[in-house]
J.: 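One structure follows; several queries about it will come next.
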2 protein chains.
Amino acid sequence: MADVGRQASVSITTVSLVLSGQHSRISEATKARVLKAVEDLNYRPNKAAQGLRLGQTRTIGFVTDEILTQPFSGNIAAGLSAVAWEQQSLLLTVNATMNTGRLRAAVEDLIDRQVEALVFAAMGSREVDFPETPPNLPVLLINAYDRRGRIPSIMPNEEEGGRSAIEHALDLGHERFVFLAGRENAWATKMRVRGYRDGLEIGGLRPVDNPIFYGDYRIGSGYDLAVRAMQRRPRPTTLLCGNDQMAIGAYIALARMGVRIPEQVSIVGYDDEPIAADLSPSLTTVRIPFYEMGRVAATHALAGTVSEIGQMLMSCPIVPRASTNRPLGQ
Amino acid sequence: MADVGRQASVSITTVSLVLSGQHSRISEATKARVLKAVEDLNYRPNKAAQGLRLGQTRTIGFVTDEILTQPFSGNIAAGLSAVAWEQQSLLLTVNATMNTGRLRAAVEDLIDRQVEALVFAAMGSREVDFPETPPNLPVLLINAYDRRGRIPSIMPNEEEGGRSAIEHALDLGHERFVFLAGRENAWATKMRVRGYRDGLEIGGLRPVDNPIFYGDYRIGSGYDLAVRAMQRRPRPTTLLCGNDQMAIGAYIALARMGVRIPEQVSIVGYDDEPIAADLSPSLTTVRIPFYEMGRVAATHALAGTVSEIGQMLMSCPIVPRASTNRPLGQ
DNA sequence: GGGCCCAGGTAAATCGTCTTACCCAGGGCG
DNA sequence: CGCCCTGGGTAAGACGATTTACCTGGGCCC
């Protein structure tokens, strides 16, 4: 900046005034000289120094729980990043393992770097023991909830998702279901199961005729449970899967058994991974709005309105595709 | 810091000396007083100010090309992040679209924020027109190469990957292949095809008996091409797939045709997505070492040795699993 | 006792920017 | 002619650290 001033024969103050758009008091001629010097010297302001002076870094700390290595949920990062960019902010990212010590260290480092907000995202919805933070720093959890319940969080509405999955099938006229659920003790599973039960009730169906089989969210268990489900008599007409991976397992099992989708059985997934649209037939599934969750998080974090969030549940809509259709004989 | 000094009845200088470990000249008693004051006031140094003074931000700029939203390749970010963390550095992340203007803006913003290195990662290996950067700033491309060839880059050795896929099958005794390749004009496809041809030659096989079918890297084309491949007589004993997604398509097609893997036909994928290990049977595939690529990139970027990299090719090893076996009758 | 050294600390400059308070020369006005 | 205002700029603090150069008092040695 001093160089620019020298080149344009003005003071540093003048250069700053011109550059910061406060040229109310600077003559056009001087302004032009300064801008020319800036151009000639290829000067660019040092944002670290600006930040120090202004007391703002335009930076959001983003701590993840190995999330980025997980398929599809990098969308949270994308959503955060998009909003941040719109507001001249950037994401300072740390990939912290489950390890609480590392989480604490990461959070402290980010605080020391004067981030203006802190967002934590977990892979599977889970409880987390979040470290202490300064009272004036906006903190937000995505896909996780604080052990002590003091921190605002954004979670997918898994219960509603489970319910819309089954309601979609009910609307098509289905009456016999099996729910191929994921790990029994996972929070997401419990919620999805709850939605499933709600859905059955809405349809006036008995739980005993529409059982829940538990697996582990992986392809293999989708395969195994699908085989088991199709052995029931009368056969189910719709398999609701705990996630898209299990739906893939079901696809393979059904292909091998010669059962056609959706003519003989409809399949509904959960997650709307990119792969869902590419399967053949394309997979009807429930979308978890990760990208939007990231956007909402960043918006509130930067606006300093995280306290308005409370325990926000994001709606998980059904995405109808080719794997569901009216049951035969309707 | 001034507060701490006051509390401990010493100067700011002394506090700084104690905290930075330069206590060579500070008495134990004073040191203890200072540390106590630090504790009492819960003082933490401002890294923005430190950075300004020291002229170092301990920050790597990481620009992605929508990569994070792509399954499995978030591993690049994880690798970068891991090394950065080991060296007290953090990642400043921007998700920039293909759009060159946005890329330029992102790079300039990162430069203004005084990042100590710049890493760009692309989704599919591709050419990129990277903006001008200051000469002393380490810049590195992952999974991309600079249009003008001036920027060091780290790419997977796709050719070797293709070759090891077929060599693996040759070792098992296979002699009739079909390569279900991806998009014909993609760089990665061309390289993998080259490796495939090398492999055929090594095995003494004729290209005319072992054709290449081109698809689009999606499940649907894997399905279609697998059907087409199995219509050949004599039947191929191994299908090499352009990526794991196409292999999934092949799995479904073969299941529907009643062809068993690996008894009747072996399948080899490419990418080693998480899904590969979960398929049933688990999928033999070629691993792209994204995590390691991230690690190498961060290591050289932080050490300032990017120029040693040149055009580095990372080895892509075969990961043998259950989808490949000796052909029948051997 | 004087000179020197050393341990233990501190004052002040610096990093690059913003911002408040001030300065100065003209011009209008009474 | 003196006063005040105003347009156009500048000097001089911050912001929160680090680091160099200096200061001071006491002990040691001759």
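From a predicted model like this one, the values you see are computed outputs, not experimental measurements.
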J.: Out of C:dT10, C:dT19, D:dA17, which nucleotide sits closest to the side chain of B:V10?
T.: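 Closest nucleotide to the B:V10 side chain: C:dT10.
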
J.: Compare side-chain N and O positions of A:T14 against OP1 and OP2 of D:dT10 and report whether any pair is under 4.0 Å apart.
T.: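 For D:dT10, OP1 or OP2 has a side-chain N or O of A:T14 closer than 4.0 Å.
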
J.: C:dT17 P sits how many Å from A:Q56 CD, rounded?
T.: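 So the CD-P distance, A:Q56 to C:dT17, works out to 15 Å.
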
J.: To the nearest Å, how far apart are B:I12 CD1 and C:dA13 P?
T.: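 B:I12 atom CD1 is separated from C:dA13 atom P by 14 Å.
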
J.: Sub-3.5 Å donor-acceptor pair from the side chain of A:S89 to the main-chain atoms of A:W85, do we have one?
T.: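 Checked: no pair found.
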
J.: So that I can tick it off, tell me whether A:E28 and A:R33 are bridged by a salt bridge, with the cut-off set at under 4.0 angstrom between side-chain N and carboxylate O.
T.: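 Result for this pair is no, no salt bridge flagged.
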
J.: Side chain of B:Q50: nearest nucleotide among D:dA17, C:dT10, C:dT17?
T.: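 Among D:dA17, C:dT10, C:dT17, the one nearest the side chain of B:Q50 is D:dA17.
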
J.: May I have the distance from B:D112 (atom CG) to C:dT17 (atom P), rounded to whole angstrom?
T.: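 Atom-to-atom, B:D112 to C:dT17, this comes out as 10 Å.
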
J.: What integer distance in Å separates B:K47:NZ from C:dC15:C1'?
T.: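 Atom-to-atom, B:K47 to C:dC15, this comes out as 18 Å.
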
J.: Would you find a donor on one side and an acceptor on the other, under 3.5 Å apart, between the side chain of A:N75 and the backbone of A:A78?
T.: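 The answer is no, because no donor-acceptor pair under 3.5 Å joins these two groups.
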
J.: Give the rounded distance in Å between these two atoms: CZ of A:R33 and P of D:dG8.
T.: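 After rounding, the gap between these two atoms is 13 Å.
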
J.: Do A:S11 and A:T14 have side-chain atoms, one donor and one acceptor, less than 3.5 Å apart?
T.: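 Indeed, the side chains of A:S11 and A:T14 share at least one donor-acceptor pair under 3.5 Å.
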
J.: Round to the nearest Å and state the distance from B:K31 atom NZ to C:dA7 atom P.
T.: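 Distance check: B:K31 NZ to C:dA7 P gives 16 Å.
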
J.: Take atom CD1 of B:I26 and atom C1' of C:dT10, then tell me their distance rounded to the nearest Å.
T.: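 Checked: the CD1 to C1' distance equals 10 Å.
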
J.: What's the closest nucleotide to the side chain of A:S11 if the choices are D:dA11, D:dA17, C:dT19?
T.: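 The answer is D:dA11, which lies nearest to the side chain.
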
J.: Where the side chain of B:L52 is concerned, which of C:dT17, C:dC15, D:dA11 is the nearest nucleotide?
T.: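 So the nucleotide nearest the side chain must be C:dC15.
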
J.: Would you mind telling me which of C:dA12, C:dG16, D:dA12 lies closest to the side-chain atoms of A:T13?
T.: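 Looking only at heavy atoms from C-beta outward on A:T13, the closest nucleotide is D:dA12.
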
J.: Counting side-chain heavy atoms from C-beta on, which of D:dA17, C:dT10, C:dT17 comes nearest to B:M1?
T.: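 Closest of the options to the side chain of B:M1: D:dA17.
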
J.: Go nucleotide by nucleotide along DNA chain C from the 5' end; which of A:N46 and B:S9 gets its closest nucleotide reached first?
T.: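 Final value for this comparison: B:S9.
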
J.: Return no unless some side-chain N or O of B:S16 is found under 4.0 Å from OP1 or OP2 of D:dA17.
T.: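 No, because none of the side-chain N or O atoms of B:S16 sits under 4.0 Å from OP1 or OP2 of D:dA17.
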
J.: Under 4.0 Å between a side-chain nitrogen and a carboxylate oxygen: does that hold for B:R287 and B:E273?
T.: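 No.
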
J.: Between C:dC15 atom P and A:D3 atom CG, what is the distance in whole Å?
T.: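 The answer, rounded to whole Å, is 11 Å.
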
